[in-house]
Amino acid sequence: MKKVYTWLAALVMAAGLGLIAPGPASAASYCGIVWGSLAKTNAAMSGAQVTNVRTGQQPCYDRLVIDLNGKVAGYTVKYVSQVVQDGSGLPVPLRGGAFIQVTVNAPAYNTSGQATYNPANKKELSNVTGYQTFRQVAWAGSFEGYTSLGLGVRARLPFRVFTLAGPDTGSRLVVDVAHYW
């Protein structure tokens, strides 16, 4: 029994002196996602117009896509306490535990003032029933060359923003919101 206490004392002392170190901590993120939840922005303006808004589900995130009929340039995507309408500043009611205001620096109308995107239901731009993260996508307006949407999500979760070329001469602004941290 004396040998057991001696070995135990030696192990405790070795650990205390740092001679025995624990294994490396594993901080692997969900699905390898290393995005954050801070605002993402690009101040450039676009000569293109918004033509469509759509959503999709992926294994690790929900995706919002804004289609433009030319090259997308600037945007601001950020968590806000309340999404507000372009021009008026009136609140946009949204379902969810957190809210993302998505603003693309491009109008949803052409140079003649004709709408290039006119949603049938401004409160529900896409049916997101059954999505893991998205709760609602709503129209917040298009005013003075900027178009905004409200995205209601389950909670404040990491997101990323990027642009894609195509189809044809168009482009897309993509916002992915992770299912988990």
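When reading the values below, keep in mind they use all heavy atoms of this one structure, side chains included, and skip hydrogens, waters and symmetry mates.
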Tell me if a side-chain donor or acceptor on [X] pairs with a main-chain N or O of [Y] at a distance below 3.5 Å.
| X | Y | value |
| --- | --- | --- |
| R154 | Q132 | yes |
| Q101 | V84 | yes |
| S46 | A48 | yes |

Next on the checklist: Tell me every residue that passes side chain to side chain donor-acceptor pair (under 3.5 Å) with Y131, counting only those two or more places apart in sequence or in another chain.
Outcome noted: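 By the side chain to side chain donor-acceptor pair (under 3.5 Å) rule, Y131 matches T55.
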
Item to check | Residues forming a side chain to side chain donor-acceptor pair (under 3.5 Å) with E124, sequence neighbours excluded | outcome: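 Partners of E124 under the side chain to side chain donor-acceptor pair (under 3.5 Å) test: R95.
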
4.5 Å side-chain heavy-atom contact, [X] and [Y]:
| X | Y | value |
| --- | --- | --- |
| T163 | S171 | no |
| V65 | L173 | no |
| I100 | V153 | yes |
| W35 | D176 | yes |
| V137 | V128 | yes |

Hydrophobic cluster membership, with links at side-chain heavy-atom distances under 4.5 Å among I/L/V/M/F/W/Y: are [X] and [Y] in one?
| X | Y | value |
| --- | --- | --- |
| V53 | F99 | no |
| Y61 | Y180 | yes |
| V83 | Y117 | no |

Would you compute the distance between atom [atom1] of [X] and atom [atom2] of [Y] and round it to the nearest 0.5 angstrom?
| X | Y | atom1 | atom2 | answer |
| --- | --- | --- | --- | --- |
| R172 | D67 | CZ | CG | 7.0 Å |
| T133 | R63 | OG1 | CZ | 13.0 Å |
| Q136 | S126 | CD | OG | 11.0 Å |
| T103 | D86 | OG1 | CG | 6.0 Å |
| L68 | L164 | CG | CG | 12.0 Å |
| E144 | N105 | CD | CG | 13.0 Å |

Item to check | Full working for side-chain contact (heavy atoms from CB on, under 4.5 Å) between I66 and N52 | outcome: CA-CA 6 Å; I66 302 171; N52 195 25; over 6 Å; no

Taking all heavy atoms of [X] and all of [Y], pick out the closest pair and write down the distance.
| X | Y | answer |
| --- | --- | --- |
| A98 | A155 | CB-C, 3.6 Å |
| L38 | F159 | O-CZ, 3.3 Å |
| C60 | I33 | O-CD1, 3.8 Å |

Checklist entry - If you measure only the distance, is there a donor-acceptor pair under 3.5 Å linking the side chains of T116 and N110? => result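 No, no side-chain donor-acceptor contact under 3.5 Å.
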
Checklist entry - Can you tell me if D62 and Q57 form a side-chain donor-acceptor pair at under 3.5 Å? => result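 Absent: no donor and acceptor within the cut-off.
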
Next on the checklist: Show, in sequence, the C-alpha distance, side-chain angles and deciding distance for S37 and W181, and conclude whether the side-chain contact (heavy atoms from CB on, under 4.5 Å) test is met.
Outcome noted: CA-CA 10 Å; S37 64; W181 271 101; 3.9 Å; yes

Checklist entry - When you look at V104 and Y146, which way does the side-chain contact (heavy atoms from CB on, under 4.5 Å) test go after all the steps? => result CA-CA 6 Å; V104 59; Y146 296 88; over 6 Å; no

Item to check | K122 atom NZ, neighbour heavy-atom count above 12 within 6.0 Å | outcome: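 It does: K122 NZ has more than 12 such atoms within range.
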
Checklist entry - side-chain contact (heavy atoms from CB on, under 4.5 Å) between V92 and W139: does it pass, once the steps are laid out? => result CA-CA 8 Å; V92 176; W139 182 250; over 6 Å; no

Side chains of residues 70-79: which donor-acceptor pairs under 3.5 Å do they make with residues two or more places apart or in other chains?
residue : atom : partner : partner atom : Å
T76     : OG1  : T41     : OG1          : 3.1
Y79     : OH   : L157    : N            : 2.8
Y79     : OH   : L157    : O            : 2.6

